[in-house]
Structures are given as C-alpha cells and as structure tokens.
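Inspection log for the structure reproduced underneath, given as structure tokens.
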Amino acid sequence: MSKEVFSQISPSEFFYRNRDLAGFSNPTRSLYTSVREFVENALDACDHKKILPDIHLSIKAVDPEQADPKHYILTVKDNGPGIDPEHIPLAFGTVLYGSKFGLKQARGMFGLGATMAILYGQITTNKPVTVKSCSDGKTLDEFVMLLDIQKNKPVIQKHTTKEGSKTGLTVSIVLEGDYSKAGSKIRDYVYQTSLITPYASITFEDPSGEKFHYPRIVKDMPRPPTVIKPHPHGIDVETIRRMITDTHYQIPTIDNKMIDKIKKELSLKKNLSPKEILERAQKRWSDISRPVRTVISVMSFLDIDFEGLKKIRIDDIDVANRTITYWDFGESQSHAVELNPDSPYYKQLASTVQGDTLLTFLTKRFQRVGPTTAEKFCEFAKFKPDKRIGSMTNEELVKLADALQKFEEFLAPDPSCLAPLGEEPLSKGIMKFFNPEFAAVWQRNASAYSGFPFIVEMGIAYGGDIPPNGLKVYRFANRIPLLYDEGSDVVLKIVNETEWARYKIKGDPPLVIVSHICSTRIPYKTVGKENVADRPELERELKNALQYLARKLAVHMSRQGAADMAKKRANLYSKYVPLIAQFATELAGKKKEPNYNQLIRMGSEIEEQV
Amino acid sequence: MKNKSSAKTAETRKKRLLSLLEQQGLNIYENLDKGKFPQFVIPSRSVSNIVYDKKIRQYILGNASAVRSSRNMSQLRSYTQLAWLAFFVNRLVREGKSSTLRDIYYSSQAFSIDFEDQPESDNIIVDLEAVLTSPREEFHIFPEERSSVFGDLTIEYTVPGYEGKRMNLSDHPDGYLIGPSLSSAELVDTSAELVIAIEKGGLFTRFVEEKVHKKFKAIIVDTAGQAPRSTRNLLRRLNTEMGLPVVILADGDVYGEHIAMVIKSGSANAAHLRELTVPDAKWLGVWATDIEKYKLPTIPMTESDIKRIYDLQKDPRYQEGNWKKQLEVFLKLKRKAELEAFSKYGLTNITDKYLPAKLEESKSF
C-alpha cells in the first residue's frame with residue numbers, strides 16, 4: 001500500500017485562508033464576532049455544569065488616542081468550570097479541538113469560533129492569547145500562547161501557576177477592531193443576550209470605561225439538554241458510512257499500545273504461549289473489549305504470539321471466502337489463511353467485520369427506533385433485517401440513506417436534546433426589560449424538520465415603557481441574539497405577513513416580539529448564521545405561536561378599547577344630553593329644563609348596542 | 001272666478017306643523033325627565049322600502065322604519081342634530097322667517113351642533129321631513145333653485161309684515177318667483193281654467209308675450225328644469241284647491257318625459273312626502289312621436305340619454321300606455337328635440353299651432 005502523495009492542509013491554515021466565512025471579514029465584524037464567540041463559550045460552559053453564569057466582558061483600546069480601526073484588548077471572564085491545565089494548550093492552540101461533537105443544543109457549534117478569534121487576533125496584531133483557568137478551585141494556571149498555523153499546534157510562551165480560589169476561565173486576546181462602528185451592535189448583543197439569558201449576570205465595560213450591567217433576573221437555570229443519537233431523517237450517506245466504519249467495527253491496528261491493552265485486560269504478567277493466552281481469554285471473554293476479542297481471534301487463526309503479531313499487518317478479513325490476508329513485514333510478502341467456520345472465534349470475526357445486522361444497527365444507533373419500527377423499515381426499504389451492515393456496497397448504502405429519509409413511520413425526533421428557556425424565565429425577562437402594560441409568552445411543543453427537533457418560544461409585549469416607534473422583533477436562536485440580516489429572516493417574514501389590524505394594532509404600536517428557536521441544527525440561510533431559513537415546519541410553528549399571542553394581545557386591546565370607549569361615551573353624553581334637553585324644553589314650550597343628570601350617568605354606563 | 005271655499009289652508013298647515021313639533025318636544029322632555037333615552041322613529045327611505053302606490057299614483061314609503069335612539073352612542077350625535085333641527089324649525093315657523101339648506105348648515109354652528117358638511121345637514125332635514133311627513137318648504141327651508149309663475153291668480157300673503165296683503169300674479173310680465181312668501185301664501189281666486197307647466201324660462205317668457213294666459217285662460221308655471229318641490233306643491237294646490245287641470249310641456253327627450261312624470265306622480269327621493277304630486281296632470285309633449293309628426297329638427301342622444309331610457313324602463317310607472325310607448329320610440333329614434341325646435345317654423349309656431357293641437361288631443365287622453 002502506497003502513502004498518500006498529495007499534501008495536507010492543516011485546519012488552522014484552512015480557516016486562516018477562509019476567515020471571511022467565519023465572520024472575520026473586517027475589523028468591525030471581527031470585533032463583534034470575537035465578543036460573541038467568547039461570551040457564548042463562557043455561557044455554554046456554565047450551562048453545561050449548571051453554574052449560574054457570571055460573565056464579565058471588557059474591551060480596551062491598546063492606544064486610546066489612535067483612530068479606528070486599532071488594536072483592542074478583548075477579555076471575557078466567566079465563573080464556569082474552567083479547563084484542566086493539560087487540555088488548555090490544545091483547546092486554545094489548535095483548530096478543531098473541542099468536545100461539542102455530540103448532538104445537543106448548544107450556542108456555538110464545535111467551539112471553532114473562539115480559536116478563530118484567537119487566530120484572527122494573532123494575524124492582525126501578532127500578540128499571543130492569554131488564558132487563565134482554575135478548574136479545581138485551588139490552582140490558577142496562566143498560559144500565554146501563539147498558534148503555529150501551518151502545524152496546527154500551540155506554541156506556549158509562558159506557563160505560570162498560582163493559587164486560585166474560584167473556578168472559572170479568563171480569555172484575553174489583542175485584535176484589530178473598529179469599536180466606533182461595532183459598538184452599537186456589541187451593546188445590542190450584550191443587551192439581547194441578557195434578555196434571553198435571564199439567569200446570567202452580565203457586565204460589559206466598553207473602551208470609554210462605561211459599564212453596562214445586567215443583573216440576574218431569575219435564579220433557576222433551564223433544564224440542560226441531553227446528548228442524543230441521531231434521528232434517521234437527519235442522516236445522509238456520509239454520516240451512515242462514518243457510523244458503520246467507526247472504531248467499533250474496525251479491524252484494530254496492532255501496535256504496542258494494543259498489545260499493552262490486551263495484556264492489561266487479560267491481566268497477563270508474564271509472557272504466555274499463544275495457547276495459554278487463548279485459554280485465559282476464553283475465561284474472561286465476556287469482560288474483554290471488542291477490539292481485544294478481535295485480535296485474540298486473529299491470533300487463534302494465525303497461531304502466533306505477540307511478537308509475531310507485531311511483525312504483520314492484517315489487510316483483509318474476507319468472511320465470505322473464509323480467509324484472512326495479512327502482510328508479513330519480515331518476509332515482505334502477503335499470506336492468506338483459511339478460517340475454520342467451526343471455530344468459536346469465527347463468529348466473533350464475522351460480526352466484527354460485517355458489523356451488526358441492519359435491525360440491530362437501526363435500534364442501537366438511532367433515537368426512538370424500536371425493533372418493530374426497524375422491521376417495518378427493512379420491509380419498506382427492501383433490505384433483509386439480518387443483513388450485515390458491514391457487507392453493504394456503496395449502492396446499498398445510498399439506497400439505505402435514501403430510504404431512511406423517506407420512511408414516514410419513524411417517531412418524531414426526541415426533543416430532550418433541546419433546552420428552551422421556558423415560559424417563566426422568558427416572561428420575567430420581558431417584564432424586567434420592557435416593563436410593558438401587557439405581556440404574554442408561549443412555548444410551543446417540540447416539532448421537527450428533516451430529522452432535527454426544534455422548539456419555538458415566543459413572547460409579546462405591548463405598551464408601558466416600550467416607545468411607540470412601531471413593531472420591534474428580537475430574534476434568538478439557541479439563546480443567541482441574531483442581529484444581522486433581519487430582512488430575510490423567517491421570523492420577520494411571519495411578523496410582516498400578520499394582519500395586525502385584525503388584532504386591533506394600528507400605526508406605530510409600542511410592540512415588542514421576542515422569538516426564540518431552539519434546535520440541534522438551526523436552519524440558517526447563510527454561513528454568517530444571522531438569518532433563519534423559511535422551512536415550512538418552522539414557519540408553521542412560528543405562525544401558530546405568533547397568532548396565539550396576537551389573539552391574547554387583541555383581547556387586551558379590546559379591554560383597553562372598552563375602557564377608552566366608556567370614557568368617550570361619558571364625554572359624549574355630557575356634551576349632547578344637555579343640548580337635547582335645551583331643545584326639547586323650548587319645543588315643548590316649557591320654562592324649566594328636565595332633570596337629565598340621571599341620563600348622562602346611564603349613558604356612560606350602558607354597553608354598546610349591536 | 002273660482003273662489004276657494006275652504007278656510008285658510010296655509011294657516012291650517014302651519015298650525016298642524018307647530019303642534020307636531022310640540023308633541024315631539026313634549027315626548028323628548030318627558031323621557032329625559034323620567035331618565036329614559038328619547039328616540040325618533042324615522043320611516044326608512046332605503047330602496048327596499050320605496051314602493052309605488054298605484055292607488056294614489058305616487059311613490060310612497062313602505063312600513064319599515066328605523067329608530068334613532070339617544071341610547072345608542074353611534075346615533076347620539078345625529079339624534080341631537082335632529083332634535084336641534086326640530087327646535088330650529090319651530091323657531092323659523094313661529095317667527096315667520098325663512099332659510100335655505102345652506103343657512104341651516106351654518107346656523108347649526110351657533111348651537112355647537114356640528115355638521116361635517118352640508119350633505120349631512122341636508123340629510124337630517126330629510127329625516128325631519130320623514131318624521132313629520134311634511135316637506136321642508138313647510139319648515140321654511142328652501143333650496144336655492146327658484147321657478148316662476150304668471151297668470152291671473154290672486155294670493156294673500158301670510159309672511160310677517162305682509163299678512164293679509166293681496167296680490168295678482170299677472171301684474172309683472174317676468175312672472176313671480178315661487179319663493180317662501182308665495183309658497184306660504186293663501187290662494188284666493190283665479191279666472192284661469194288651466195295650468196301650463198313649461199320646462200324652460202325662455203319659452204315661459206314667449207308664452208307671456210304671446211298672451212297664452214289669455215288665449216287659453218291659463219296660469220303659466222316655469223319649472224326651470226326638474227320642478228322644485230315648492231313648485232310641485234304650488235301645482236298641486238292649484239289643482240286641488242282651485243280645481244285647475246295641469247298640463248306639462250317639456251323637451252322632447254327622456255328627461256322631459258320624466259319631468260312630466262315627477263310632477264304627475266312624484267320622485268323616489270320624496271317618497272316620504274305627500275301633497276307634492278298632481279296625479280291628473282297631463283303630459284302634452286314633446287312626445288317622441290311628435291318629433292316625426294311635426295318634423296322637428298333633432299340632435300343625437302348621448303350615451304347617458306340612452307342609459308336613462310333603460311333605467312326608466314324598469315320604473316313601474318313606465319310599464320304601460322303612452323309613457324311606455326314614447327320611451328320605446330325615443331330608443332328607436334336615438335334622437336331628441338328641444339322645445340325651441342319649433343322656432344324653425346316661426347317663433348309663434350309653438351303657441352299658435354302646436355299648443356292648441358296638443359290641448360285638443362289631450363282631451364282624449
């Protein structure tokens with residue numbers, strides 16, 4: 001087998017070359033994006049450990065006298081769990097290192113953004129990133145690092161350890177930015193983030209030293225999301241291929257590490273003969289791991305010991321033809337050995353190589369798929385339920401992926417991986433922020449599009465301290481405020497399509513709408529992740545939520561209208577009844593006017609006649 | 001000389017009106033005093049409630065009526081406007097003063113009764129007409145349009161300052177305006193045996209010059225186009241109080257035909273009123289058939305003329321006899337002739353030839 005000849009590009013280099021995609025196109029946008037990435041990472045870290053977040057954000061100019069764009073020091077400090085010192089260099093010094101690859105709702109995806117911001121800072125100012133972390137409440141580690149872009153590796157310039165008292169993480173970078181232009185967006189971002197994160201306390205100190213403090217409004221954190229398996233509708237061929245060929249089913253590579261693993265699992269203290277090893281393995285079979293079982297099986301068929309194992313490379317295990325093909329490094333030639341189907345190890349190898357049956361694969365690897373559904377699916381997709389997934393050809397995999405998309409009897413995606421804010425915190429946030437005369441919130445039940453679950457939460461607020469400047473929409477996705485590209489967003493579309501006059505809303509109303517979409521994958525229209533696409537399922541949920549709230553508002557408006565009407569009526573009767581009395585007195589030829597006071601009172605009390 | 005036998009009818013009608021107004025006033029007064037919301041019952045003037053009464057040969061209102069209540073907030077303003085108008089009319093009639101539609105619109109402002117525009121106040125006047133079943137002329141409210149009368153008719157004024165003064169309407173050759181004082185005057189006596197209503201002022205003058213009033217023992221009335229209500233009321237009184245037959249001369253087109261019809265049997269607009277029609281009035285011409293018969297010069301009809309014919313063909317009064325026939329001929333000709341067309345055969349042709357011929361013909365209608 002030959003080595004790959006084309007050169008690789010490191011992820012750091014890739015992002016460096018494509019930084020526009022990630023929101024680092026100019027000093028204004030870059031400053032804003034960097035703020036977002038660090039604040040969101042901080043909030044995610046706190047959410048994850050159920051710590052009520054306490055976030056401090058500060059932006060300071062390196063030289064305040066200079067004109068924008070100039071160098072700024074951006075610092076974000078949180079009270080989260082911190083990061084183990086051993087992981088810090090990798091977490092902040094390499095791209096694509098992160099723990100967010102599971103399927104659950106989180107603010108950022110994969111944690112790429114923070115490293116991108118560090119990368120951007122380094123490119124524009126050639127200054128290192130400073131990370132201070134305390135993960136045990138005792139020691140505070142401080143790293144000063146640069147990124148080696150070509151090698152995608154951290155270069156630690158300084159590492160000090162001090163005594164610490166509280167857990168938390170502080171990240172500080174120097175970057176080129178334009179606060180005079182980005183300022184209003186950053187202030188909006190902090191304001192809106194506080195609105196959708198009422199359980200957090202957020203402080204922002206801007207370059208002029210002005211402090212914006214948003215205290216904690218609620219003390220309860222929303223239920224955290226759980227990591228779940230994928231839903232069949234959200235799967236493509238590539239994902240299936242990866243699921244099938246992941247380590248679980250791979251032929252293990254035999255190296256010193258693997259041999260150590262085998263020795264450890266079998267508690268081998270001294271060198272035993274292959275026969276003795278097999279005997280030992282037989283006794284502990286149910287306790288040993290799958291890769292070890294596979295290696296033991298190979299050893300049994302080839303009848304070799306560990307030393308022998310080190311000298312070969314297993315190239316193929318062909319179950320259909322019952323042969324193992326291996327390369328012998330010493331002899332530099334290929335060998336084929338026949339498998340005895342009666343051997344107890346044959347089954348082990350067969351299932352390793354061919355993987356689970358389709359039925360098992362479906363029930364084990366996907367959410368909310370039971371044996372009954374899996375069998376129905378096999379019938380639908382015209383696959384045998386006991387078909388081994390490892391034996392599937394490319395065409396069959398495409399067919400399988402296609403059928404997974406089309407089969408309609410899968411249960412809706414499991415929404416337990418979602419973490420909506422909840423009606424009460426949302427309502428409290430709205431009351432605190434807008435002090436409205438009327439407010440209502442609603443959380444819709446979970447729904448799904450293309451196998452991705454989502455929940456829509458919405459709030460509406462009217463009057464009070466809200467200025468009568470017309471309708472204002474605050475858009476959120478996974479607790480992130482969306483500030484750009486408002487015009488093409490699905491929420492705006494729904495709001496604009498609403499006939500507000502039907503809900504007794506006219507002119508430029510003092511009206512605020514807060515929309516929050518939670519999903520394992522928000523269907524953004526663009527890579528900038530600022531506007532949500534109009535998926536029909538999402539559109540329907542948003543519409544239902546808005547109509548429900550608008551109806552509640554209309555009821556309020558009617559009541560309000562009724563009160564105004566009563567006042568108007570009272571005025572009208574006080575104006576007209578005396579006139580009628582005056583005319584009637586002269587017409588009737590009387591001297592004294594009738595006593596009409598009673599009528600004025602009654603007039604202001606009667607209900608409108610239909 | 002015909003002498004009216006009945007008592008002074010103008011005075012009678014005035015008393016009836018004042019008493020009606022007082023009743024309304026008392027009704028409102030008592031309601032207010034008892035803490036009840038007063039209301040007016042107004043016969044509905046919607047199209048569905050306007051029907052043609054063959055017996056009395058005019059359009060009348062059906063039984064539907066609307067209540068305008070001071071209890072209903074959306075009606076309170078117009079209720080007050082109506083109460084004000086009754087109050088104001090009461091003053092006008094008692095003080096013998098007259099007013100115009102425009103006057104009313106402005107007068108309201110002195111009493112903080114605000115009409116948005118004149119159409120709104122005009123509407124309230126029609127409401128009061130319907131409530132009291134009396135034409136606005138009896139309220140001393142007149143439109144701007146005026147028509148004239150000439151002939152041997154003696155009247156006695158009832159307006160303040162002229163009470164009891166008599167006047168003969170043949171003393172001034174330009175004729176007399178049919179205004180408030182003439183409308184409220186008593187008709188005393190006449191030597192005439194006929195009333196000729198003519199559509200146009202020009203022809204009216206010609207008729208006076210040609211002494212048509214003497215030759216035909218006629219009172220001549222200029223309707224100045226579609227006859228105003230005061231003129232229609234005078235025609236009716238000449239017919240009923242003085243016992244004179246009424247004949248009508250109008251242009252030879254669909255509008256002329258309808259001028260005659262309105263004098264004879266009223267308009268849908270005034271269906272809430274009586275005593276504005278002369279059911280026995282006769283339309284002398286110019287008929288569509290006269291255009292050919294008298295070889296009159298014609299002009300082509302316009303689109304709206306033709307549309308008007310189709311409209312009138314749906315009117316129940318045009319479903320039979322000469323009225324129906326003439327419409328059909330107009331539609332066939334698609335041409336029209338004015339009264340002046342007779343001048344082609346000499347200025348006096350209409351009075352010397354056409355009028356006598358048609359009067360003779362009318363005896364057989």
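Letters A, B, ... are given to chains in the order of the sequence lines, protein chains preceding strands, and every chain is numbered from 1.
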Flag if over 12 foreign heavy atoms under 6.0 Å of CZ, Arg187(A): yes
Does CG in Asn63(B) sit with more than 12 non-hydrogen atoms of other residues, nucleotides or ligands closer than 6.0 Å? no
When the 4.5 angstrom heavy-atom criterion is applied to Ile113(B) and chain A, the contacting part is side chain
(message) Using a 6.0 Å cut-off, check whether atom CD of Glu95(B) has over 12 heavy atoms from anything other than its own residue.
(response) yes
Note: Leu587(A) and Gly25(B) closest approach over all heavy atoms is CB-CA, 3.6 Å
Heavy-atom closest pair (Tyr29(B) atom, Ala588(A) atom, distance to 0.1 Å) is CB-CB, 4.3 Å
If you tally heavy-atom pairs under 4.5 Å between each of Lys568(A), Lys590(A), Lys575(A) and chain B, the highest tally belongs to Lys590(A)
Pair count under 4.5 Å, heavy atoms only, with chain B: among Gln582(A), Glu586(A), Glu593(A), highest is Glu586(A)
So, the part of Arg77(B) with a heavy atom under 4.5 Å from chain A: the answer is both
Quiz item: Should we count NZ of Lys432(A) as having more than 12 external heavy atoms under 6.0 Å?
Solution: no
message: Walk me through whether Leu76(B) and Ile580(A) qualify under side chain to side chain contact (heavy atoms under 4.5 Å, CB included).
response: CA-CA 10 Å; Leu76(B) 180 61; Ile580(A) 297 171; 4.2 Å; yes
Original post:
Do Phe583(A) and Thr80(B) come close enough that some side-chain heavy atom pair is under 4.5 Å?
Top reply: yes
Honestly, the part of Phe88(B) sitting under 4.5 Å from a heavy atom of chain A is neither
To the nearest 0.5 Å, atom CG of Leu599(A) lies from atom NZ of Lys34(B) at 13.0 Å
Has Glu437(A) got more than 12 heavy atoms of other residues, nucleotides or ligands less than 6.0 Å from its CD?
-> yes
From the list Gln24(B), Arg91(B), Gln23(B), the residue making the most non-hydrogen contacts under 4.5 Å with chain A is Arg91(B)
Between the CG atom in Leu572(A) and the OG atom in Ser74(B), the distance rounded to the nearest 0.5 Å is 10.0 Å
Test item: Pro594(A) and Ile28(B) side chains (from C-beta on) under 4.5 Å apart, heavy atoms:
no
Donor-acceptor pair, distance only, cut-off 3.5 Å: does the side chain of Tyr573(A) make one with the backbone of Ser70(B)?
yes
Heavy atoms from other residues, nucleotides or ligands near CD of Glu497(A) exceed 12 (cutoff 6.0 Å): yes
inquiry  = Taking Asn595(A)'s backbone N and O only, do any of them form a donor-acceptor pair with Asp33(B)'s side chain (distance below 3.5 Å, no angle check)?
reply    = yes
message: Would you say NZ of Lys552(A) has more than 12 non-hydrogen atoms from neighbouring residues, nucleotides or ligands within 6.0 angstrom?
response: no
Kindly check if the number of other-residue, nucleotide or ligand heavy atoms within 6.0 Å of OH (Tyr484(A)) is above 12? yes
Does the side chain of Ser112(B) come within less than 4.5 Å of Leu579(A)'s, by heavy atoms?
-> yes
